[in-house]
Structure formats: structure tokens, C-alpha cells
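Any value given below was found using the heavy atoms of this structure, including those in side chains, with hydrogens, waters and symmetry copies removed.
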Amino acid sequence: MDTDWIEHRRAEDRERVGWMKPVDDGFVAIDLLGRHRTDVVDWLTAEETLDELGLSYLADPYEVRLDHGGWLRVRIAEVSPDEVRVKKDDWGDMTAPQLYYTVSFPVDDEQLRPLGR
């Protein structure tokens, strides 16, 4: 995370939904995974983009690249400006081993990508 990123929180619940990165005379909306979600836009458009995006994408299935190069289906467990922790998708099986992996922030599609690409 760059030091000039401006945190954005939803007005209704103050939940952080991303950041706005100042670029020239505008801003780029950045989600909680560190991905650019707009080109350079005005402040209001960046805010609206992050508010509309919300947090729902964090519940989607993803794939993480393992050390041997293969991909594993995972769910996002924790997100911070330092790292993203993902958990092997066990489809809610309480008896399954809990396998966690750490992905650097910002997320790179070569490390973590939405499932179904």
C-alpha cells in the first residue's frame, strides 16, 4: 500500500471498502485486495465505485498458485494492507483440515485469481 492512498469507508457502517490513489488531477479506486478498479476518475466516481463494489467479492471463490505451480481453490479468510490470507475451500466441512496460505498485498493475478478464469 502506498502512503498516499486515501482510505475509503462506507458511510452507513464505516466499513473500509478500499482506497483512492491520487493520480494527476484525479483518483484511482483500489479494492481491498489492492487491485485497481477504475482508471483515473474524479473523487465522487471513485467513492461510488468502491461503495457499489462493497465487500461481496471477498466471499467469491478464488484460486491460489501453489509453490509447485498448480492452482488450489480457496476462500479469502483475512485481508489487510500487508497481506491476504486464504483458506483451502472445504465447502464448510468442519472436519476438514484447515489449510491457510498467505498472499502478498497487493494481490497479483499470478498469485491469486478469481475462480473460473
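For Lys87, the side-chain contact (heavy atoms from CB on, under 4.5 Å) criterion is met by Ala77, Asp90, Gln98, Tyr100, not counting sequence neighbours. A search for ring pair (Phe, Tyr, Trp, His ring centres under 6.0 Å) contacts involving Trp5 returns Trp19, not counting sequence neighbours. Shown here are the side-chain contact (heavy atoms from CB on, under 4.5 Å) partners of Thr102, two or more places apart in sequence or in another chain: Glu83, Arg85. Partners of Asp93 under the side chain to side chain donor-acceptor pair (under 3.5 Å) rule, at least two apart in sequence or in another chain, are Thr95. Not a single salt bridge (charged side-chain N to carboxylate O under 4.0 Å, His left out) links Glu15 to another residue, sequence neighbours left out.
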Do Leu112 and Val86 pass the side chain to side chain contact (heavy atoms under 4.5 Å, CB included) test, and can you show the C-alpha distance, the side-chain angles, and the key distance before you say yes or no?
CA-CA 9 Å; Leu112 183 69; Val86 297; 4.0 Å; yes
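Evaluation of the salt bridge (charged side-chain N to carboxylate O under 4.0 Å, His left out) test over residues 38-61, restricted to residues two or more places apart or in two chains, returns none. Applying the salt bridge (charged side-chain N to carboxylate O under 4.0 Å, His left out) test to every pair with at least one member in residues 5-14, sequence neighbours left out, gives these pairs: Glu7-Arg9, Glu7-Arg16, Arg10-Glu12, Arg10-Asp13. Note on residues 60-94: no pairs pass ring-ring contact (aromatic ring centres under 6.0 Å, His included), not counting sequence neighbours.
Expressed to the nearest 0.5 Å, how far CG of Leu50 lies from OG1 of Thr45 amounts to 11.0 Å. Taken to the nearest 0.5 Å, the CG atom of Leu44 stands 9.0 Å off from the OG1 atom of Thr49. In this structure, the separation between OH on Tyr57 and CD1 on Ile76 is 7.5 Å, given to the nearest 0.5 Å.
For the residue pair Asp109 and Arg113, the shortest heavy atom distance occurs at O-CB, 3.8 Å. Residue Met20 comes nearest to Ala46 through the heavy atom pair SD-CB, 3.5 Å, listed as atom of the first residue, atom of the second, then distance. Nearest heavy atom pair, residue Pro61 against residue Arg73, reads CB-NH2, 3.7 Å. Contact between Arg65 and Gly69 at its shortest, heavy atoms only, is NH1-O, 3.0 Å.
Under the 4.5 Å side-chain heavy-atom criterion for grouping Ile, Leu, Val, Met, Phe, Trp and Tyr, Val41 is not connected to Val17 through any hydrophobic cluster.
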Sequence neighbours excluded and cut-off under 3.5 Å, please list the side-chain donor-acceptor pairs for residues 23-33, or say none.
unit_1: Asp31; atom_1: OD1; unit_2: Leu33; atom_2: N; d: 2.9
unit_1: Asp31; atom_1: OD1; unit_2: Gly34; atom_2: N; d: 3.1
unit_1: Asp31; atom_1: OD1; unit_2: Arg35; atom_2: N; d: 3.0
unit_1: Asp31; atom_1: OD2; unit_2: Arg35; atom_2: NE; d: 2.8
unit_1: Asp31; atom_1: OD2; unit_2: Arg35; atom_2: NH2; d: 2.8
unit_1: Asp31; atom_1: OD2; unit_2: Arg37; atom_2: NH1; d: 2.8

